[in-house]
Amino acid sequence: FGQVYFQTVYQTGNGFSKRADSPRRLNGDISADYHYDYMNRYRTGSLIYQISPNSLSVFTERFSEKALDLGLNGINISDLGKKLGSDFSSSESVNRPEAQEINTSVLKTLSEQFILKLSSPNMYAWGFADSITELPMEDSWFSIVNESVPFVQMILSGLVSYTCAPLNLAADYRTSLLEAIEYGSGLSYLLMYSDSAALKETQYNYYTTGKADNWLPIIAEDYKEANY
């Protein structure tokens, strides 16, 4: 599966114009995200631009044409279905319900062309997923919540395959592993060839572990324990 971002752009060019294709905030500014260093309280890395719902179908159609020409039949979508944003552009504003309709239409078209793997999608996107990754195993941790119940896994179990978020990045690895087994989730890990120290002082420094040589023996034992 090729990993794809349809709503996120890390640099301008290649047909993307931040002025024409990015959504606007209430004050008219171009909407953009950024990585933030919470310890030192400053932005890190370059701006991450969003694609407006008004431009979404144009970019997905361009992608589909090229991907199909290359023979790609499966894609792992990291944002579409998970992110739902509005556009407060003065000329073509889009609210969230309208954005959901656009996202649904785009996902329907993509599901007819590719095998879709969706990352932590919202409910309206479940029906288009052939499989789901990074399905949450915890609640929101809001103070109003008393108990955490895996309703999503109860609904999806037996209907579509799903995995948990990468276990080796979990705050409590052992608890997350046992929850994944209990909830019927496929086990997921994020691995890299080099040591994670190579990512220090980069925008990917949140990948604090994952060297394949260290984790492969552990993964093998986890699968034995889970009896997958």
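Keep in mind that this is a model prediction, so the values were computed, not measured.
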| message | Tell me whether D87 contacts the main-chain N or O of R24 through its side chain, where contact means a donor paired with an acceptor under 3.5 Å. | response | yes

* N73 side chain to F114 backbone, donor-acceptor under 3.5 Å -> no

Open item on the list: For the residue pair K117 and F1, would you count it as a cation-pi contact if the rule is NZ or CZ under 6.0 angstrom from the ring centre and within 45 degrees of the ring axis?
Closed with: yes

Using only atom types and a distance under 3.5 Å, with no angle test, would you say the side chain of R96 pairs donor to acceptor with the backbone of L84? yes

(message) Between N103 (side chain only) and G81 (backbone N and O only), is there a donor and an acceptor less than 3.5 Å apart?
(response) no

- [ ] Could you tell me whether a side-chain N or O of D21 sits under 3.5 Å from a main-chain N or O of S55, the two making a donor and an acceptor?
- [x] no

For residues 155-174, the ring-ring contact (aromatic ring centres under 6.0 Å, His included) pairs (sequence neighbours left out) are Y173-W215

Throw together a table of side-chain donor-acceptor distances under 3.5 angstrom for residues 184-194, partners on residues two or more places apart or in other chains.
unit_1 : atom_1 : unit_2 : atom_2 : d
Y189   : OH     : D222   : OD2    : 2.6

Side chain D79, main chain T8, donor-acceptor under 3.5 Å: yes

Heavy-atom nearest pair, Q50 first then P23, reads O-CD, 3.3 Å

#### Entry: Main-chain N/O of Y124 paired to N122 side chain as donor or acceptor, under 3.5 Å
no

*Please check if the side chain of E134 supplies one atom and the backbone of P121 the other of a donor-acceptor pair under 3.5 Å.*
no

### Message
Test your reading of the model: is there a side-chain donor-acceptor pair from S105 to the backbone of E101, 3.5 Å cut-off?
### Response
no

I'd like to know if the side chain of E221 reaches the main chain of I218, judged simply by a donor and an acceptor atom lying under 3.5 Å from each other, with no hydrogens or angles considered. no

